[in-house]
Visitor: 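Sharing a structure below in structure tokens format, with a few things to ask.
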Amino acid sequence: VIICMMHLLLSTGCIAIVVGAGAGAGTFAYVNGNLSRTYQANYETTYAACKGILEDMKQPVLEEKTDGTQTTIRSQRADETPMMITVRIIDPQWTEISVRTGHIGVWKKEISEQFHEFVAERIK
């Protein structure tokens with residue numbers, strides 16, 4: 001899975017940083033400001049985790065779009081830093097979450113990593 005993902009990303013001209021041992025086990029892909037991770041959990045569980053985290057952090061949902069296979073949530077942190085979260089169905093038991101925090105060119109990877117830590121904790 002990792003090799004296929006890296007090949008796809010690198011062959012399309014994107015640069016990815018992958019950390020970890022396997023999908024769902026701490027593996028991240030960082031591409032153009034999006035920090036992505038695959039979770040062994042269904043869509044409903046991961047979507048609810050993301051929405052719950054935003055609610056707990058008192059981050060408003062400014063916009064939400066879905067196309068049936070993925071949902072993108074646009075939010076804003078208390079310091080007005082924008083955050084974009086995409087929850088995508090991989091298959092019935094696997095979901096990918098991508099988090100982009102910050103403005104284009106000034107992405108805040110640490111905040112995106114923290115959001116993923118919260119998600120991982122919630123879907124245990």
Visitor: Looking at side-chain heavy atoms only, is the closest gap between Arg37 and Val99 below 4.5 Å?
Guide: no
Visitor: Quick one: which residue pairs count as a ring pair (Phe, Tyr, Trp, His ring centres under 6.0 Å) with a foot in residues 42-91, not counting sequence neighbours?
Guide: Tyr43-Tyr47
Visitor: Just so I know, are the side chains of Leu54 and Met83 near enough to count as touching, which here means a heavy-atom distance under 4.5 Å?
Guide: yes
Visitor: Would Ile111 and Leu62 show up in the same hydrophobic cluster when neighbours are defined by side-chain heavy atoms closer than 4.5 Å?
Guide: no
Visitor: What residues form a side-chain contact (heavy atoms from CB on, under 4.5 Å) with Thr81, not counting sequence neighbours?
Guide: Arg77, Asp79, Thr101, Lys108
Visitor: Do the non-hydrogen side-chain atoms of Thr95 and Val87 ever get within less than 4.5 Å of each other?
Guide: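 Counting from C-beta outward, Thr95 and Val87 do come under 4.5 Å.
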Visitor: Could I get the full list of ring-ring contact (aromatic ring centres under 6.0 Å, His included) partners for Phe115, not counting sequence neighbours?
Guide: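 Here no residue qualifies.
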Visitor: Is there a donor-acceptor pair under 3.5 Å between the side chain of Asp91 and the backbone N or O of Gln93?
Guide: yes
Visitor: Answer whether the closest heavy-atom distance between the side chains of Cys50 and Ile97 falls below 4.5 Å.
Guide: yes
Visitor: Can you check whether Pro82 reaches Arg74 side chain to side chain, under 4.5 Å on heavy atoms?
Guide: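 Side chain of Pro82 against side chain of Arg74, heavy atoms only: no contact under 4.5 Å found.
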Visitor: Who pairs with Glu64 by salt bridge (charged side-chain N to carboxylate O under 4.0 Å, His left out), at least two apart in sequence or on another chain?
Guide: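 Scan of Glu64 (salt bridge (charged side-chain N to carboxylate O under 4.0 Å, His left out), adjacent residues dropped) gives Lys51.
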Visitor: State, yes or no, whether a side-chain contact exists between Lys65 and Thr71 at a heavy-atom distance under 4.5 Å.
Guide: no
Visitor: Can you list the residues that meet the side-chain contact (heavy atoms from CB on, under 4.5 Å) rule with Ile90, with sequence neighbours excluded?
Guide: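 Once residues adjacent in sequence are excluded, the partners of Ile90 under the side-chain contact (heavy atoms from CB on, under 4.5 Å) criterion are Thr38, Arg88, Trp94, Glu96.
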Visitor: Anything under 3.5 Å between a donor and an acceptor, one on a side chain of residues 116-124, the other on a protein residue two or more places apart or in another chain? List them.
Guide:
| from | atom 1 | to | atom 2 | distance (Å) |
| --- | --- | --- | --- | --- |
| His116 | ND1 | Tyr39 | OH | 2.7 |
| His116 | NE2 | Leu35 | O | 2.8 |
| Arg122 | NH2 | Asp56 | OD2 | 2.1 |

Visitor: Do Thr86 side-chain atoms and Thr72 backbone N/O form a donor-acceptor pair below 3.5 Å?
Guide: no
Visitor: Rounded to the nearest 0.5 Å, how far apart are CE of Met84 and OG of Ser112?
Guide: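 Output value for this atom pair is 11.5 Å.
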Visitor: Quick one: pull up OG in Ser98 and CD1 in Ile85 and give me the separation to the nearest 0.5 Å.
Guide: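 The OG atom of Ser98 sits 10.5 Å away from the CD1 atom of Ile85.
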